[in-house]
Amino acid sequence: MSVAQQLQTLKNSLPESVTLIAVSKTKPNSLILEAYETGHRDFGENKVQELTNKFEQLPKDIKWHMIGHLQRNKVKYIVPFVHLIHSVDSKRLLDEIQKQAQKINKQVAILLQVHIAKEASKFGLDQEELEEVLKLKKQYTHIAFKGLMGMATFTEDTEAIRAEFSFIKTLYDKHLGSWEVDPILSIGMSSDYQIAIDCGSNMVRIGSAIFGHR
Ligand SMILES: *Cc1c(COP(=O)(O)O)cnc(C)c1O
(Lines give C-alpha, C1' and ligand atoms only; values in the text may rest on other atoms or scores of the structure.)
Protein backbone atom coordinates (compact mmCIF):
# COMPACT_ATOMS: atom_id res chain seq x y z
CA MET A 1 0.00 0.00 0.00
CA SER A 2 1.09 3.56 -0.64
CA VAL A 3 1.62 6.07 2.18
CA ALA A 4 -1.67 7.74 1.26
CA GLN A 5 -3.50 4.42 1.44
CA GLN A 6 -1.88 3.38 4.74
CA LEU A 7 -2.80 6.75 6.22
CA GLN A 8 -6.42 6.59 5.04
CA THR A 9 -6.88 3.02 6.23
CA LEU A 10 -5.44 3.84 9.62
CA LYS A 11 -7.52 7.02 9.98
CA ASN A 12 -10.71 5.17 9.09
CA SER A 13 -9.97 2.65 11.84
CA LEU A 14 -9.51 5.27 14.59
CA PRO A 15 -12.38 6.61 16.71
CA GLU A 16 -13.33 10.18 15.81
CA SER A 17 -12.14 11.42 19.20
CA VAL A 18 -8.55 10.40 18.45
CA THR A 19 -6.17 12.75 16.62
CA LEU A 20 -3.52 11.07 14.51
CA ILE A 21 -0.01 12.52 14.42
CA ALA A 22 1.89 11.15 11.42
CA VAL A 23 5.45 10.70 12.67
CA SER A 24 7.62 11.58 9.70
CA LYS A 25 11.10 11.51 11.29
CA THR A 26 13.84 10.35 8.87
CA LYS A 27 11.28 10.34 6.02
CA PRO A 28 11.73 12.53 2.91
CA ASN A 29 9.57 15.52 2.05
CA SER A 30 8.11 13.63 -0.91
CA LEU A 31 6.41 11.13 1.40
CA ILE A 32 5.20 13.86 3.75
CA LEU A 33 3.67 15.64 0.76
CA GLU A 34 1.97 12.43 -0.28
CA ALA A 35 0.30 12.31 3.14
CA TYR A 36 -0.41 16.05 3.00
CA GLU A 37 -2.20 15.67 -0.33
CA THR A 38 -4.78 13.42 1.36
CA GLY A 39 -5.66 16.37 3.59
CA HIS A 40 -3.58 15.32 6.57
CA ARG A 41 -1.98 18.22 8.48
CA ASP A 42 -0.53 16.94 11.78
CA PHE A 43 3.05 15.68 11.55
CA GLY A 44 5.56 14.76 14.28
CA GLU A 45 9.33 15.00 14.38
CA ASN A 46 11.83 14.18 17.11
CA LYS A 47 14.87 16.29 16.16
CA VAL A 48 15.00 20.08 16.11
CA GLN A 49 17.23 20.41 13.04
CA GLU A 50 15.09 18.08 10.95
CA LEU A 51 11.91 19.75 12.21
CA THR A 52 13.07 23.26 11.30
CA ASN A 53 14.31 22.13 7.87
CA LYS A 54 11.00 20.47 7.08
CA PHE A 55 9.06 23.48 8.38
CA GLU A 56 10.99 25.71 5.98
CA GLN A 57 10.59 23.42 3.00
CA LEU A 58 6.99 22.23 3.35
CA PRO A 59 3.55 23.93 3.22
CA LYS A 60 3.01 26.43 5.99
CA ASP A 61 -0.37 25.08 7.09
CA ILE A 62 1.23 21.90 8.44
CA LYS A 63 0.85 21.57 12.21
CA TRP A 64 4.27 20.48 13.50
CA HIS A 65 4.50 18.41 16.67
CA MET A 66 7.80 18.13 18.53
CA ILE A 67 7.75 14.65 20.06
CA GLY A 68 11.42 13.99 20.86
CA HIS A 69 13.67 15.00 23.73
CA LEU A 70 14.20 18.77 23.57
CA GLN A 71 17.37 20.53 24.69
CA ARG A 72 16.95 23.95 26.23
CA ASN A 73 19.40 25.64 23.85
CA LYS A 74 17.24 24.58 20.89
CA VAL A 75 13.88 25.79 22.19
CA LYS A 76 14.26 29.15 20.47
CA TYR A 77 14.39 27.55 17.01
CA ILE A 78 10.98 25.87 17.27
CA VAL A 79 8.91 28.18 19.48
CA PRO A 80 7.96 30.53 16.60
CA PHE A 81 6.19 27.84 14.57
CA VAL A 82 5.64 24.67 16.62
CA HIS A 83 2.02 23.58 17.10
CA LEU A 84 2.52 21.39 20.17
CA ILE A 85 5.57 20.27 22.16
CA HIS A 86 4.82 16.76 23.53
CA SER A 87 8.09 16.19 25.34
CA VAL A 88 8.39 18.70 28.18
CA ASP A 89 10.20 16.81 30.90
CA SER A 90 11.69 19.36 33.30
CA LYS A 91 11.04 22.65 35.05
CA ARG A 92 14.16 24.08 33.44
CA LEU A 93 12.76 23.33 30.00
CA LEU A 94 9.47 25.02 30.94
CA ASP A 95 11.43 28.08 32.10
CA GLU A 96 13.16 28.29 28.71
CA ILE A 97 9.94 27.82 26.73
CA GLN A 98 8.31 30.57 28.81
CA LYS A 99 11.28 32.88 28.15
CA GLN A 100 11.31 32.33 24.38
CA ALA A 101 7.51 32.48 24.09
CA GLN A 102 7.38 35.74 26.03
CA LYS A 103 10.00 37.27 23.71
CA ILE A 104 7.76 36.83 20.69
CA ASN A 105 4.50 37.19 22.63
CA LYS A 106 3.22 33.74 21.69
CA GLN A 107 1.23 31.22 23.69
CA VAL A 108 3.02 27.87 23.30
CA ALA A 109 1.02 24.66 23.75
CA ILE A 110 2.79 21.82 25.56
CA LEU A 111 2.30 18.38 27.05
CA LEU A 112 4.19 17.22 30.10
CA GLN A 113 5.96 13.94 29.39
CA VAL A 114 5.57 11.39 32.16
CA HIS A 115 8.03 8.54 32.62
CA ILE A 116 5.87 5.41 32.61
CA ALA A 117 8.20 2.81 31.02
CA LYS A 118 10.55 0.39 32.75
CA GLU A 119 13.47 1.55 30.57
CA ALA A 120 15.60 4.10 32.37
CA SER A 121 16.64 5.48 28.97
CA LYS A 122 13.20 6.97 28.36
CA PHE A 123 12.58 10.55 29.43
CA GLY A 124 9.84 12.08 31.53
CA LEU A 125 8.73 13.38 34.89
CA ASP A 126 7.81 11.03 37.70
CA GLN A 127 4.53 11.59 39.55
CA GLU A 128 6.11 13.73 42.25
CA GLU A 129 7.92 15.96 39.73
CA LEU A 130 4.72 16.32 37.71
CA GLU A 131 2.88 17.54 40.77
CA GLU A 132 5.65 19.97 41.68
CA VAL A 133 5.62 21.47 38.19
CA LEU A 134 1.82 21.79 38.11
CA LYS A 135 1.92 23.78 41.35
CA LEU A 136 3.96 26.41 39.47
CA LYS A 137 1.65 26.49 36.47
CA LYS A 138 0.47 30.08 37.09
CA GLN A 139 3.95 31.53 36.60
CA TYR A 140 4.05 30.25 33.02
CA THR A 141 1.96 32.99 31.46
CA HIS A 142 2.97 32.07 27.89
CA ILE A 143 2.54 28.31 28.13
CA ALA A 144 -0.72 26.43 27.59
CA PHE A 145 -0.64 23.16 29.54
CA LYS A 146 -2.74 20.86 27.38
CA GLY A 147 -2.13 17.50 29.05
CA LEU A 148 0.25 14.55 29.21
CA MET A 149 2.40 12.39 26.94
CA GLY A 150 3.93 9.02 27.68
CA MET A 151 5.76 6.11 26.05
CA ALA A 152 5.22 2.56 27.24
CA THR A 153 7.95 -0.02 27.65
CA PHE A 154 9.03 -1.69 24.41
CA THR A 155 7.73 -5.19 25.12
CA GLU A 156 5.39 -7.88 23.79
CA ASP A 157 3.74 -8.02 27.21
CA THR A 158 0.46 -6.26 26.42
CA GLU A 159 -0.70 -6.36 30.04
CA ALA A 160 2.42 -4.50 31.12
CA ILE A 161 1.79 -1.88 28.42
CA ARG A 162 -1.84 -1.61 29.51
CA ALA A 163 -0.78 -1.05 33.13
CA GLU A 164 1.57 1.77 32.11
CA PHE A 165 -1.04 3.49 29.95
CA SER A 166 -3.67 3.10 32.67
CA PHE A 167 -1.30 4.72 35.14
CA ILE A 168 -0.79 7.82 32.97
CA LYS A 169 -4.56 8.01 32.34
CA THR A 170 -5.08 8.12 36.11
CA LEU A 171 -2.61 11.02 36.41
CA TYR A 172 -4.25 12.80 33.48
CA ASP A 173 -7.70 12.48 35.08
CA LYS A 174 -6.41 13.47 38.50
CA HIS A 175 -5.18 16.76 37.06
CA LEU A 176 -7.98 17.33 34.55
CA GLY A 177 -8.61 20.72 36.16
CA SER A 178 -5.10 21.84 35.19
CA TRP A 179 -5.44 21.34 31.44
CA GLU A 180 -6.51 24.02 28.97
CA VAL A 181 -9.59 23.51 26.81
CA ASP A 182 -9.57 20.38 24.64
CA PRO A 183 -7.12 18.49 26.87
CA ILE A 184 -4.79 15.94 25.31
CA LEU A 185 -3.54 12.53 26.39
CA SER A 186 -0.83 11.62 23.86
CA ILE A 187 -0.19 7.88 24.17
CA GLY A 188 0.18 5.16 21.56
CA MET A 189 2.61 4.39 18.71
CA SER A 190 2.50 1.89 15.81
CA SER A 191 2.93 -1.15 18.05
CA ASP A 192 0.64 -0.20 20.91
CA TYR A 193 -1.90 2.42 19.79
CA GLN A 194 -4.89 0.08 20.11
CA ILE A 195 -4.08 -0.54 23.76
CA ALA A 196 -3.54 3.19 24.25
CA ILE A 197 -6.95 4.00 22.78
CA ASP A 198 -8.57 1.40 25.07
CA CYS A 199 -6.87 3.20 27.96
CA GLY A 200 -8.22 6.64 27.01
CA SER A 201 -5.77 8.08 24.48
CA ASN A 202 -7.07 10.94 22.35
CA MET A 203 -3.83 11.50 20.40
CA VAL A 204 -1.67 8.80 18.84
CA ARG A 205 1.80 9.28 17.32
CA ILE A 206 2.28 6.81 14.49
CA GLY A 207 5.26 6.51 12.18
CA SER A 208 6.20 3.10 10.80
CA ALA A 209 2.59 1.93 10.35
CA ILE A 210 2.13 4.82 7.87
CA PHE A 211 5.55 5.41 6.30
CA GLY A 212 7.09 1.95 6.64
CA HIS A 213 10.10 0.91 8.64
CA ARG A 214 12.90 3.34 9.37
C1 LIG B 1 9.32 7.58 16.60
C2 LIG B 1 8.32 7.95 17.63
C3 LIG B 1 6.97 7.57 17.52
C4 LIG B 1 6.44 6.72 16.39
O5 LIG B 1 6.98 5.44 16.44
P6 LIG B 1 6.46 4.28 15.44
O7 LIG B 1 6.79 3.04 16.16
O8 LIG B 1 7.21 4.44 14.18
O9 LIG B 1 4.99 4.46 15.28
C10 LIG B 1 6.09 8.00 18.50
N11 LIG B 1 6.50 8.76 19.54
C12 LIG B 1 7.78 9.15 19.68
C13 LIG B 1 8.15 9.99 20.85
C14 LIG B 1 8.73 8.76 18.74
O15 LIG B 1 10.01 9.16 18.90
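One-based numbering, in listed order, for ligands and for the atoms of each. For the numbers below, each heavy atom of this structure counts, side chains included, while hydrogens, waters and symmetry mates do not.
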Should the pair Glu34-Lys27 be classified as a salt bridge under the 4.0 Å nitrogen-to-oxygen rule? no

With a 4.0 Å cut-off on N to O distance, would you call Lys91 and Asp95 a salt bridge? yes

State whether the shortest distance between N or O atoms of Ser190 and N or O atoms of ligand 1 falls below 3.5 angstrom. yes

How close do Ile184 and Leu111 get, heavy atom to heavy atom, and via which atoms? CB-CD2, 3.8 Å

Would Lys25 count as a polar contact of ligand 1, with the cut-off being nitrogen or oxygen pairs under 3.5 Å? yes

Has ligand 1 got any nitrogen or oxygen that is less than 3.5 angstrom from a nitrogen or oxygen of Gly207? yes

Protein heavy-atom partner closest to atom 7 (O) of ligand 1 - residue, atom, separation in Å: Ser208 OG, 3.6 Å

Val204 and Phe165: same hydrophobic cluster, using ILVMFWY side-chain contacts below 4.5 Å? yes

Of the listed options (Met189, Met149, His69), which comes nearest to atom 5 (O) of ligand 1 when hydrogens are ignored and any heavy atom counts? Met189

Min heavy-atom dist His86 to ligand 1 below 4.0 Å: no

His142 vs Gln100, test: side-chain hydrogen bond (donor to acceptor under 3.5 Å, both in side chains). Steps then yes/no. CA-CA 9 Å; His142 289 67; Gln100 298 300 335; over 6 Å; no

Can any side-chain N or O of Gln98 pair as donor or acceptor with the backbone N or O of Thr141 at less than 3.5 Å? yes

Nearest-contact summary for atom 4 (C) of ligand 1 - protein heavy atom, Å: Arg205 O, 3.6 Å

Looking at atom 12 (C) of ligand 1, what's its closest protein heavy atom, distance included? Ile67 CD1, 3.4 Å

Is the shortest distance from a Lys or Arg side-chain nitrogen in Lys54 or Glu50 to a carboxylate oxygen in the other one below 4.0 Å? yes

Going by the order shown, which atoms of ligand 1 are within less than 4.0 Å of some heavy atom of Ile206? 9 (O)

